[in-house]
Amino acid sequence: MNIRAQVSMVFHLDKCIGCHTCSIACKNLWTERRGTEYMWWNNVETKPGVGYPYLWEDQEKYRGGWKVHGGKLKLRMKGRAGTLANLFFNPYLPALDDYYEPWTYRYRDVSDAPEGDEQPVARPVSTLTGKPMEIGAGPNWDDDFGGSSLYAANDPGLKGLSEEERRQLFELESMAFFYLPRICNHCINPGCLAACPAGAIYKRGEDGIVLVSQEKCRAWRMCITGCPYKKTYYNWAAGKSEKCILCYPRQETGQAPACFHSCVGRIRYLGLLLYDADRIESAAAAEDSFLVHEQLSLLLDPFDREVIREAKAQGMHDATLECAQKSPVYRFVKEWKLALPLHPEYRTLPMLFYVPPLLPVLAHSEGGLHNEEEDFFSSLENTRIPVRYFASLLSAGEEEPVRQAYRKMTAVRLYKRAMTVGDVGKEKVKRALEEAGTNPEEIEAIYRLTALPSVEDRFVIPPFMREQAVEAVGDPLRHRNSVGTGFLRVPGIPEKKR
Ligand code: SF4
Ligand code: SF4
């Protein structure tokens, strides 16, 4: 067992109101510089929709992430040989049009306009060329179309849906959509890192945050192709790649990341997970139907005596263990199995997790009208957004993990409704609890952490021991496992353990 700590996040999608405050907070802090105009380290997409950059989930187009070939993991961009072959021409990079041409407005045309009969207007101008432009796309363009068939119909996740399911989804009066906030997943098996020919990308030993060394980056941009989530970006002015740093300078001073701190819906939870690094390759190479199960089984129980003993023997600090035990992320992901990884089939083992939204699922479509179904369990077959769609998003197409999460969320809802409103019968509640495999104690815990959490409940990270961590970053010894994933040495872990 090779125990590592990972700072991880859960997004509760039922609570996201799509206000984009998180994106703006991140933009103001990190990407208000020349060369970063088009970058949104945090963006919020409307789903179903094509996202940012355009069709980022289409790996036929972008070749991001890993695939299994002959039982071994290989980068979809054709491994390291492919990286070298594409060094001077990479056909899989998103172009500026796939992101969008960033613009601003000539505000002075409005504020300084002379008095006249015409209403003054502020024309958009490109922040790249300074010239007036016609706006044709933007990072949040989906919002304007609110999940409609005009735009959302191109979502690659809809491929497996039947004609009837599509009809239900896009019927104007029953149209449904939800918001998907996205940042770098700080993966355990990062495609960006493995694709970089300069070895500039590394995963911090003490918290698993994935960073790009600005010193070592040589602008090959292979990380952009290697990342299936398109969460590394090229700064054209600096000639370096950049990405979300999970606000590590804020975390090191005890502050939450800007996106977390500013989140209006309080949908975000930040906490520590422990995982077994010895099992990364086998988990990432599992069959699609087992991917979620394998990824969850990598995560270690921080209350398990053997895990505690081994973690201490490997030099893990008591404060880190204590945080892992109090982690809200551990509860949502491993204990309750309510939060799932985004596109696990990319095999990067993403370490951010999403609680699927219940609201667009609960009400189902019936002859063009949507109802809140009395008997929820039978209505899972006939929901406004098909369960299959969420399975393609959060569980590599395997429906059971999504159904299980929905069963539990519905049990919470019925149980609390029976208590507070009193219009749900005891038998129905009992059946819901049995079907979801849960009990009143767990229901209360889920309810409290979902509906009534304090910041201290949602944000649990250890004090960062930078004096040890600096030693780790300064350590030139890098371990590359057989899938080419580089890790910095975890402080206190003896060499022979790796
Ligand atoms: S999402 Fe994963 S692969 Fe993409 S930049 Fe982040 S760590 Fe790298
Ligand atoms: S700030 Fe929170 S609620 Fe608003 S869009 Fe971002 S994640 Fe959603």
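Just so you know, these numbers come straight off a predicted model, no measurement behind them. One-based numbering, in listed order, for ligands and for the atoms of each.
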Original post:
Do Ser23 and Asn43 have side-chain N/O donor and acceptor atoms under 3.5 Å apart?
Top reply: no
**OP:** Decide yes or no on side-chain contact (heavy atoms from CB on, under 4.5 Å) for Asn90 and Arg221, but give the supporting numbers first.
**Re:** CA-CA 9 Å; Asn90 181 353; Arg221 285 174 269 179; 5.8 Å; no
Original post:
Do Arg204 and Tyr248 meet the cation-pi criteria used here (NZ or CZ under 6.0 Å from the six-membered ring centre, within 45° of the axis)?
Top reply: yes
Original post:
In the protein, what heavy atom is nearest to atom 6 (Fe) of ligand 1, and what distance, to one decimal place, separates them?
Top reply: Cys184 SG, 2.3 Å
Original post:
Nearest protein heavy-atom contact for atom 4 (Fe) of ligand 1: which residue, which atom, what distance?
Top reply: Cys227 SG, 2.3 Å
Original post:
At what distance, to the nearest 0.5 angstrom, does CZ of Arg76 lie from CD of Gln59?
Top reply: 6.0 Å
Subject >> atom 2 (Fe) of ligand 1 - nearest protein heavy atom and its distance >> reply: Cys187 SG, 2.3 Å
**OP:** Give the numbers and elements of all ligand 1 atoms closer than 4.0 Å to a heavy atom of Gly191.
**Re:** 3 (S)
**OP:** Go through ligand 1 atom by atom and flag the ones less than 4.0 Å from a non-hydrogen atom of Asn185.
**Re:** 1 (S), 6 (Fe)
Original post:
Does at least one non-hydrogen atom of Arg266 fall below 4.0 angstrom from an atom of ligand 2?
Top reply: no
Original post:
With atoms numbered from 1 as shown, which atoms in ligand 1 lie under 4.0 angstrom from a non-hydrogen atom of Tyr229?
Top reply: 1 (S)
Subject >> Validation row, ring centre Trp40 to ring centre His20 under 6.0 Å >> reply: no
Original post:
So Asp98 and Lys230, salt bridge (Lys or Arg N to Asp or Glu O under 4.0 Å) or not? Walk me through it.
Top reply: CA-CA 11 Å; Asp98 293 313; Lys230 293 294 159 274; over 6 Å; no
Original post:
What closest approach, in Å, do Thr232 and Tyr99 show between heavy atoms, and which atom pair accounts for it?
Top reply: O-OH, 4.2 Å
**OP:** Can you sort out which atoms of ligand 1 are near Lys243, meaning under 4.0 Å from one of its heavy atoms?
**Re:** 5 (S), 6 (Fe)
Original post:
Looking only at side chains, do Tyr234 and Trp236 share a donor and an acceptor under 3.5 Å apart?
Top reply: no
Original post:
Is Glu32 salt-bridged to Lys27, cutoff N-O under 4.0 Å?
Top reply: no
Original post:
Does any N, O or S atom in Cys192 come within less than 2.8 Å of atom 8 (Fe) of ligand 1?
Top reply: yes
Original post:
Using a distance threshold of 2.8 Å, what protein N/O/S atoms lie below it relative to atom 8 (Fe) of ligand 2?
Top reply: Cys16 SG
Original post:
Judged by modelled atom types alone, do Thr253 and Gln255 share a side-chain donor-acceptor pair under 3.5 Å?
Top reply: yes
Subject >> Atoms of ligand 2, numbered as shown, that sit under 4.0 Å from any heavy atom of Arg268 >> reply: 7 (S)
**OP:** Mark up the atoms of ligand 1 that fall under 4.0 Å of a heavy atom belonging to Thr232, in ascending order.
**Re:** 5 (S)
Original post:
Does Asp457 reach the side chain of Arg448, with side-chain heavy atoms less than 4.5 Å apart?
Top reply: no
